[in-house]
Amino acid sequence: MNSFINGLKLPAWVPIRNGKQLAAPILIIMMLSMMILPLPPFALDILFSFNIALSIIVLLTSMYTVKPLDFIAFPAVLLVSTMLRLSLNVASTRVVLTEGHGGPDAAGKVIEAFGHFLIGGNYTVGIVVFIILTIVNFTVVTKGAGRIAEVGARFALDAMPGKQMAIDADLNAGMIAEPEARARRKEVAQEAEFYGAMDGASKYVRGDAVAGIIITIINIVGGLIVGMVQHDLAFAEALNKYTLLAIGDGLVAQIPSLIISTAAGMVVSRVATDQDVGGQLVNQLFAKPQVLYITASIIGTMGLIPGMPHFAFLLLASLLGGSAYMAEQRMKKAAIAAAEPVAAAAAAPEGEEAGWQDLMPVDMLGLEVGYRLIPLVDKGQGGELLRRIKGIRKKFAQEVGFLSPPVHIRDDLELKPSAYRISLKGVEIGKGEANAGQFLAINPGMVTGQLPGVVTSDPAFGLPATWIDASLREQAQAMGYTVVDSGTVVATHLNHLINSHAADLLGRQEVQQLLDHLSKDAPKLIEDLVPKLISLAVVQKVLQNLLSEGVHIRDMRTIIETLLEHAGRVQDQAELTAIVRVALGRSIVQQIFPTEVELPVMTLDSKLERLLMQALQASGPDGAGIEPGLADTLIMQTEASVRHQEQLGLTPVLLVAGPLRALLARFLRRGMPQLKVLSHAELPDSKTIKVTSLVGGQV
């Protein structure tokens, strides 16, 4: 025996430091004991009372959860509660059949109370009530909850790719950090597992309802046989005693089962918001005065019809009318409270002379919002957009290489309620609308259907999109849409514009702060460059030239060292920029082609390249001498090649000779901002070139 035990691979015992770890083993032992060992009536009373209390706890917990994952243990609770009820049925059946001839209290006071008080001691009434409860539980609540869980599991699985893409998009945009991204990915996986588990767990309740009916029939038939054969009872007496006990036992089990089924339906049927079920019911059913006034009028009119119970209808109409009046007064007070700060700010103080303090500096970056978007930027109301803007600035600094100016946010009553406007140095650079409380379903080009809602376009990238209600969010994700909330729409647009205007955001002050930051680690490097060799304005212009073509300036050490090496003999800003680009060639190529060793690029036809070189020599670096016909041909053929590259899923990159690079980059940037122009000198030796398109072959 010892050798057999030693041969088993038993898990290592974990010391129990928390009493909660004993709950599951104790519950399993208790259920096994109820099935095997005979229990006295007093123990049955305690266990039946515990079963009822447990079902009420589960129901209230499900009502106060904000989202389904807040009660992620519910499928396990459903299984345990079902097994507990079945174990109690087995234990009570044993007592009913062995002691039922002794009277209605033979199986305990709880079963007696349900047999006498709830059904009046009439087994016919008990049978009817039991059948009704079983039908309600089996065909309505449990079936509906199971269907919702099944559909929810399918939608959750279908929506997982879209949700993962949305998380990755937020992470790449700097709106969330990596720990939050991991937590959200875990939540997405848990949601799919939860609905799948609920789909299976709902079968427990259906099986429990069927088992309750069968156990009740067995108790009645078995009681009749035991009472008449073993205890010599008359048929009527045996039927009365054992039927009352069997029905009382069935009701004691079915009522908690119905409560648990209702809790399951609440958990899987609610839409995730920041409120529990009670808050949703009160705020959405009784918050609109118009609805309550109309309902009160209808109920009051019904109360005036002859033959109707006037008191009940008129009392209810009065209560509804009073509730409508109170709700209307609350809405008026809230509107007045919201308007007071705006009116106070708009009212100019009288009797004061104009002064320099009235001259307000222009904000470097500004965000103006309509009044419906104020909760997104109000710290007192959560202000999730404030947190995202902080993440955008942090990610911008990490990727681009300098800290962007802060975003000054204010409300503007002249804007549409759901509109916003983004400005740079007081000039509008972007605007859009974001419907608070709704979601923007963006079509990335691979969706499987259309959605009901307001058709629009993504303000950041111009993709076709639709504003949808929150209830359609999971359906949209399952259809392939990228679904984002209103705060994310504004944050994404702001992030796109900040990156597009990085050169304009790099002012003299930002350059000085950047050099001061670098001088902490390399003070001699900065001291030898500024202002000994070149001025701060030249450094700023070189950095702005890099940023205007999307080149990040994180590697400031290389930039400063390159300027130190060449600034003694070169002072032209454009030439210094070209030299710095060559030094940054590896990082520029890495930025455009993160993983490729073979670079798919477009090149110029040799004839076109000679013509451009001649024009450059004749007109100088600004390229003003390019004749209009050649310029139009260059633009049309470059656009065609760019479209060809994009259709192949490749980044459009034009590889040209060094002297032409700056000219073509400046010339083609306006019509094709996505095009990157590189020179041969900027390519690292470790990369190979694959020419996928030739520009100018028909010149």
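The structure presented is a predicted model; accordingly, all values stated were derived computationally and were not measured.
Salt bridge annotation for Asp504-Lys425: absent, with no cationic side-chain nitrogen under 4.0 angstrom from a carboxylate oxygen.
Contact annotation: the side chain of Val58 never approaches that of Ile259 to less than 4.5 Å [non-hydrogen atoms, C-beta and beyond]. Ile409 is listed as a side-chain neighbour of Ile389, based on a closest heavy-atom distance under 4.5 Å. Residues Ile57 and Thr61 form a side-chain contact, since some pair of their non-hydrogen atoms from C-beta on lies under 4.5 Å apart. Counting heavy atoms from C-beta outward, Tyr371 and Asp411 have side chains that stay 4.5 Å or more apart. Two residues are said to be in side-chain contact when any heavy atoms from C-beta on lie closer than 4.5 Å; Leu385 and Val490 meet this criterion. With a 4.5 Å cut-off on side-chain heavy atoms, Val454 and Gln438 do not count as touching. Between Asn545 and Glu549, the closest side-chain pair of non-hydrogen atoms is not below 4.5 Å. You'll find the side chain of Lys186 stays beyond 4.5 Å of the side chain of Arg182, heavy atoms only.
Checked by atom type and distance alone, the side chain of Glu510 pairs as donor or acceptor with a backbone atom of Gly507 at under 3.5 Å. The backbone N or O of Ser423 sits nowhere less than 3.5 Å from a side-chain atom of Glu368 that would complete a donor-acceptor pair. Put simply, the side chain of Asn499 gets close to the backbone of Asn495: a donor and an acceptor are under 3.5 Å apart. Under the 3.5 Å distance criterion, the side-chain polar atoms of Arg393 are matched with a main-chain donor or acceptor of Ser404. For the pair Asp469 (side chain) and Ser471 (backbone), a donor-acceptor distance under 3.5 Å is absent.
Within the structure, ring pair (Phe, Tyr, Trp, His ring centres under 6.0 Å) pairs that include any residue of residues 437-490 comprise Phe461-His496 (at least two apart or interchain).
The structure places CD1 of Ile429 at 12.0 Å from CZ of Arg421, a figure rounded to the nearest 0.5 Å. The distance from atom CG of Leu675 to atom CG of Leu668, rounded to the nearest 0.5 Å, is 6.0 Å. Remark: Leu505 CG to Ile498 CD1 distance equals 6.5 Å, nearest 0.5 Å. Atom CD1 of Ile468 and atom CG of Asn435 lie 11.5 Å apart (nearest 0.5 Å). The CG atom of Leu315 sits 9.5 Å away from atom CG of Leu320, with the distance rounded to the nearest 0.5 Å. We find the CG-CG distance between Leu403 and Leu514 to be 10.0 Å, quoted to the nearest 0.5 Å.
A pairwise comparison of heavy atoms in Pro594 and Gln590 identifies O-NE2, 3.1 Å as the closest pair. In terms of heavy-atom proximity, Met602 sits nearest to Ser641 at SD-CB, 3.3 Å. Of all heavy-atom pairs between Gln674 and Val642, the closest is NE2-CG1, 3.5 Å. Contact record, Leu497 with Gly430: CD1-CA, 3.8 Å, taken as the closest heavy-atom pair. Ala476 and Leu451 get closest at one heavy-atom pair: CB-CD1, 3.4 Å. Residues Ser486 and Leu376 approach most closely at OG-CD1, 3.9 Å, considering heavy atoms.
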Checklist entry - Given the rule in the side chain to side chain contact (heavy atoms under 4.5 Å, CB included) test, do Ser548 and Arg669 qualify, once you have shown the distances and angles that lead to the verdict? => result CA-CA 10 Å; Ser548 64; Arg669 185 190 311 161; 4.1 Å; yes
Next on the checklist: Does His517 form a side chain to side chain contact (heavy atoms under 4.5 Å, CB included) with Gln513? I'd like the steps, not just the answer.
Outcome noted: CA-CA 6 Å; His517 178 71; Gln513 291 173 347; over 6 Å; no
Item to check | Derivation and outcome, side chain to side chain contact (heavy atoms under 4.5 Å, CB included), residues Val484 and Thr492 | outcome: CA-CA 10 Å; Val484 293; Thr492 303; 5.9 Å; no
Checklist entry - Please walk me through it: do Tyr420 and Leu415 pass side chain to side chain contact (heavy atoms under 4.5 Å, CB included)? => result CA-CA 7 Å; Tyr420 65 90; Leu415 288 174; 5.5 Å; no
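Legend: residues meeting salt bridge (charged side-chain N to carboxylate O under 4.0 Å, His left out) with Asp363, ordered by chain and number and at least two apart, are Arg410. By the salt bridge (charged side-chain N to carboxylate O under 4.0 Å, His left out) test, Lys416 is found to be paired with Glu433, residues two or more places apart in sequence or in another chain being considered.
Atom NE2 of His408 has more than 12 neighbouring heavy atoms from other residues, nucleotides or ligands inside a 6.0 Å radius. The environment of CD in Gln450 is sparse: at most 12 heavy-atom neighbours from other residues, nucleotides or ligands sit within 6.0 Å.
Partner of Val653 under the side chain to side chain contact (heavy atoms under 4.5 Å, CB included) criterion, out of Val677, Ile592, Val589: Ile592 alone.
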